[in-house]
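Here's the structure, in structure tokens; my notes come after.
Proteins get letters first, then strands, A, B, ... in listed order; numbering begins at 1 in each. Values below: every heavy atom of this structure, side chains too, minus hydrogens, waters and symmetry copies.
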Amino acid sequence: MTDTLHPIVILDPTAELDPIGRRPARRSDTLTGAIGLIDISKPRGDVFLDELERLVSARYPTVDIVRLSKPTFTKPAPADLRAEVAERCKAVIQALAD
Amino acid sequence: MSTLPAPGTSAPPFELAGSDERPLPFPGESSEPATLLLFVKHDCATCSLIAPLVGRLYNTLERHGLRTITVSQSDVAETRGFVERAGLTTPTVFDTDLDVSDRYGFDAVPALVLTRPDGQVVAGFEGWDKADWNALVTQAIATCDAADVDTSALDAASTPLPESRPGCGSRAHDPDIARRLAVKRDSERLAGRRIRIPVADDPFEFLAGEGLTDGLPVVPPTEDRVLRMLKGTSRAATDVVAVVPPNLEPATVEKVAINAVMAGCRPEYLPVVIAALTAACTDTFNLHGVLATTYFVGPMVVVNGPIRQEIGLNCGRNVFGQGSRPNMTIGRALQLIVRNVGGGRPDGIDMSTLGQPGKIGCCIGEDEEASCWDPLHVERGFAPSDSTVTVFAGEAPRAIRDQLSRSARSLATSMGHALESVAHVKLHGMGEVILVVSPEHVRTLERDGFSKADLRARIQEVTARPLRDLVPDAECEKGTVPRGLPPAWLGPDGQPTPDALDRRLPKFNRPEDIIVVVAGGTTGKFSAVVGGWVSGGKSSSAVTRKIEDA
């Protein structure tokens, strides 16, 4: 038979669509308004963010700090936290600690 | 079984080319009152026996409008000799792909089909039978309205032939060809995008180059392999099994089957893979986190119930090791689905610092027959006759060695000491682990009537240490931190109270966090522990699902 000369046809094992491309929001070049500090709940994340809050408040007295935290670092941020960030914060800083 | 079109039905239309490569359509466009199709192959003795007779019928009735087409299952050169020997003057076409033979459904050649101009069948038979032939000739004469034709030469030619003779098997039934034809018929129900691997490419290199493998070679998921894999389940290929993190893409039964082929699964493993994927894609298991963590863990699959024997899953000697096909491929299929459908690629979202070898795929069976306890699935609420999978986010297994304990209490104490080292000896109040108890250790525990509850209680008892010894200190800055402690143990400053520092904290939050599974060879006083991911149960917990179709 001539089968070996035929191209092998396989089935696509993927989801056949690229994940929807998400463009990161434009980075802010100033620190003004409400800035969220998100603790992802890793050990000593609070220590790091406390220090960061102190530095930001001293250097940018007009900035309002909003302290937020994820319930667990093991899962993506829940929808209500994402909504809160969108509603209350102009920018956020997330702390990854350990 | 032959499904040659019966009189009154329509013969399938086709268009095949002759040796001059000009296509010849059936039914034809002319007004000829009848068409006779003769299917032959060159090396069939019965075909050679009757071809001259068909040629004579054609010569007799051609001028009365009998169109005759010889359809050869052999190639051009083979057919040429056949036609010359038979003295056939009919147009001859070549059914090279055997598609037309397949659609006509006969088992044997020669096969004869007489039709009206619209393709409606008037008569037909396969093999050789003089009575059938005479009936076909009568119908041909009637259909061509040629009652006065001289049939003496035709009668003379048929007289010496035997009354009947079986034909030869149609080439459409050759195993290789039949399989290809079946694929062609069935492949229409496969929705997946087709990828053509160029002839010059090595399929293994192609698949690796496309980023579709886990680093080991995969079996190319051809249509026929995927169709065979789908026979392993009664579920429709289009059914969605789960929505797979991290991209949250739906995995249909077909996509699961494609990846199961690639992993090297046999069709009878497919229900296990489907159930494992269902279990892994739950919020409780948290596959997204399991993928993304810097920790070691990967999905480990534990199978219970009758399906273990049905698919030959190893529950015994070398249970975590190599050599058993279902063990090696079921966990791998799950990981390939996560990679290919979910988009969870090791070079992408997987941030594991060190990983572990079992992340290529890990699947074991519980040796329920060697156990003195209820098996895992029964403990978790299923019937003994159910088959289940339990998925667990596990580290690599590590050894617990105790050849000396002769009492259950001593062995349970040993196991407690070994389990205290999971992740870090100073980390207590942890979440789930899997304790794999080998048959020899089971017998030691069984002799003293130790239940699973007794075993767990003893492990908790021997690992319980004063919190003072577990908190971070100057000697070792690692330890159990306030976050993992009961709130009542903490003072207003968030630190353990002096009283709490004297309280004893066992290794695990709850005794039932020690998941006990019996497996392994019958020789060797060794057990194993598979550590989990992050204490506290907020991350990932073991999930058990029933295997349907099992």
Exercise: identify the closest heavy-atom pair between Leu277(B) and Ala251(B): CD2-CB, 3.9 Å

Heavy-atom contact with chain A under 4.5 Å, split by part of Leu336(B): neither

Heavy-atom pairs under 4.5 Å with chain A, option from Thr222(B), Val481(B), Thr252(B) with the top count: Thr222(B)

Exercise: do Asn340(B) and Thr14(A) side chains pair donor with acceptor under 3.5 Å: no

Stepwise side chain to side chain contact (heavy atoms under 4.5 Å, CB included) check, Leu190(B) with Val226(B): CA-CA 9 Å; Leu190(B) 295 175; Val226(B) 173; 4.1 Å; yes

Portion of Pro71(A) that has a non-hydrogen atom of chain B nearer than 4.5 angstrom: backbone

Chain A contact via Ile195(B) - which portion, at a heavy-atom distance below 4.5 Å: both

Chain A contact via Pro220(B) - side chain, backbone, both or neither, heavy atoms under 4.5 Å: both

Between Lys255(B), Arg196(B), Arg194(B), Glu223(B), the one whose heavy-atom pairs under 4.5 Å with chain A are most numerous: Lys255(B)

Per-residue contact mode, Glu254(B) against chain A (heavy atom under 4.5 angstrom): side chain

Heavy-atom donor-acceptor pair, Arg59(A) side chain to Arg54(A) backbone, under 3.5 Å: no

Most chain A-contacting option - heavy-atom pairs closer than 4.5 Å, from Asn286(B), Val341(B), Thr293(B), Asn259(B): Asn286(B)

Chain A contact via Asp283(B) - which portion, at a heavy-atom distance below 4.5 Å: both

Option that, when pairs with chain A are counted at under 4.5 Å, heavy atom only, ranks first among Gly192(B), Gly289(B), Pro221(B): Pro221(B)

Part of Arg483(B) within contact of chain A (heavy atom distance under 4.5 Å): side chain

Flag for Thr284(B)-Thr282(B): side-chain donor and acceptor within less than 3.5 Å: no

Check: Asp174(B) side chain, Asp176(B) main-chain N or O, donor-acceptor pair, under 3.5 Å: no

Polar side-chain atom of Thr213(B) near backbone of Val218(B) as donor-acceptor pair, under 3.5 Å: no

Verdict with reasoning, Asp50(A) to Arg67(A), per salt bridge (Lys or Arg N to Asp or Glu O under 4.0 Å): CA-CA 10 Å; Asp50(A) 286 348; Arg67(A) 291 293 289 263; 3.1 Å; yes

